[in-house]
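We number each residue from 1, following the sequence as shown.
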Amino acid sequence: MKTSTRDQAEGMFHQVKGQLKEIAGELSDNPKLEAEGTVEKISGAVQEKVGQVKKVFGISSVLLVAAAALLTLSVPAQASRMDDRIESSAKQSYLFKTYLQEDDIKIESKDGAVTLTGIVAEDFHKSLAQETVAGLPGVKNVDNRLEVKGTPPTANSDAWLRDKVKVTLLFHRSVSAGNTEVDVKDGIVTLRGAAASQAQKELTAEYAKDVEGVKDVRNEMTVNKTPKKKHTVGEKIDDASITAQVKMTLLYHRSTSALKTSVTTKKGVVTLSGKAGNTAELDLATKLANDVNGVKSVNNRMTIK
């Protein structure tokens, strides 16, 4: 077989293979596989063009190499567009615009390797930013160099527990973190503020009690007899933000913190995979994920070890 024909055939093969990888990556929410497919597809197109050049012009190998080099310029251009898309998507994500908007976070992506630098107001903002970016398509890894403004609370201190309880309530839509005051003394949490119903009051206490390190909860919240209608903004929450919230929710709850859970989101539908110790843990992971802002439904594929 002539080299020109072989190059064309191999180029077409790699284009098809790359296309299949892209589709498989998209369907399985695997950005790495999708990115690999894109690169292989472009490489295949280059190889096919080389074969066409050989066949039509019969040019020398030196010129052929030069032509191939010019064609491969499309690969870094593609990578550059992907990096721009990653940086833009991160800044436009729900979590960056809602909870991280006051932080000074710089995002730099190079071939899918993202570096975060800057100053954040809260310690959990570091994790929130990292998890959000990590969930974006095309991101291979995240180097988190963010620094916290001031001195973060000492681990297991009352201030540290208070922050964990607040964050835990923050991502659950069935409770109102904004209307809940949290105080901690010697590991005992006191809740004050207004709940929309008795059920919401009890659920707030249940979530607070399940935070690692909390010894007990005193629920002094009041129930509004005429609760205000909840105002719905209608803002769409992107998949990366949903994934980040679910991951941190499962991590902050004592009953699910030890679970090795993989979280992916596609159009608001969350898929959990990994291992649970028993049926109760598996069901709780589903319940907690279902109550996260933006989640439409949960597909729990976890197995019991």
- Only pairs at least two apart or in different chains count here, so list each side-chain hydrogen bond (donor to acceptor under 3.5 Å, both in side chains) that has a residue in residues 214-223.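 side-chain hydrogen bond (donor to acceptor under 3.5 Å, both in side chains) check on residues 214-223 returns Arg192-Glu220.
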- Could you name each residue pair satisfying side-chain hydrogen bond (donor to acceptor under 3.5 Å, both in side chains) that touches residues 117-127, not counting sequence neighbours?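 Passing the test, one end in residues 117-127: Asp103-His125.
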- Item | Salt-bridge present (Arg81, Asp83; N to O < 4.0 Å) |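 No salt bridge links Arg81 with Asp83.
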- With Lys106 via salt bridge (Lys or Arg N to Asp or Glu O under 4.0 Å) - residues at least two apart: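 Salt bridge (Lys or Arg N to Asp or Glu O under 4.0 Å) check on Lys106 returns Asp104.
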Backbone N/O of [Y] and side chain of [X]: donor-acceptor pair under 3.5 Å:
{"X": "Gln92", "Y": "Ser88", "result": "no"}
{"X": "Ser241", "Y": "Ile237", "result": "no"}
{"X": "Asn224", "Y": "Ala194", "result": "no"}
{"X": "Asn179", "Y": "Gly193", "result": "no"}
{"X": "Arg85", "Y": "Pro137", "result": "no"}

- Task: Using the salt bridge (Lys or Arg N to Asp or Glu O under 4.0 Å) rule, take Arg145 and Asp143 through it: C-alpha gap first, then chi angles, then the decisive distance, then the call.
- Result: CA-CA 6 Å; Arg145 301 180 185 177; Asp143 181 9; 2.7 Å; yes
- Task: Sequence neighbours left out, what passes side-chain contact (heavy atoms from CB on, under 4.5 Å) with Thr261? Give chain and number order.
- Result: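 If we apply the side-chain contact (heavy atoms from CB on, under 4.5 Å) test to Thr261, skipping adjacent residues, the hits are Leu250, Leu259, Val263, Leu272, Met302.
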- Item | Partner residues of Ser255 under the side-chain contact (heavy atoms from CB on, under 4.5 Å) criterion, sequence neighbours left out |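 Per chain and number, Ser255 pairs via side-chain contact (heavy atoms from CB on, under 4.5 Å) with Asp210, Leu284.
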- Item | Any Asp291 side-chain heavy atom under 4.5 Å of Arg173 side chain |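 A side-chain contact under 4.5 Å exists here.
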- Message: Please enumerate all residues that pass side chain to side chain donor-acceptor pair (under 3.5 Å) together with Glu202, with sequence neighbours excluded.
- Response: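 Residues passing side chain to side chain donor-acceptor pair (under 3.5 Å) with Glu202: Gln198.
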- Message: Under 3.5 Å, is there a donor on one side chain and an acceptor on the other for Ser93 and Thr132?
- Response: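 Not at all, the side chains of Ser93 and Thr132 share no donor-acceptor pair under 3.5 Å.
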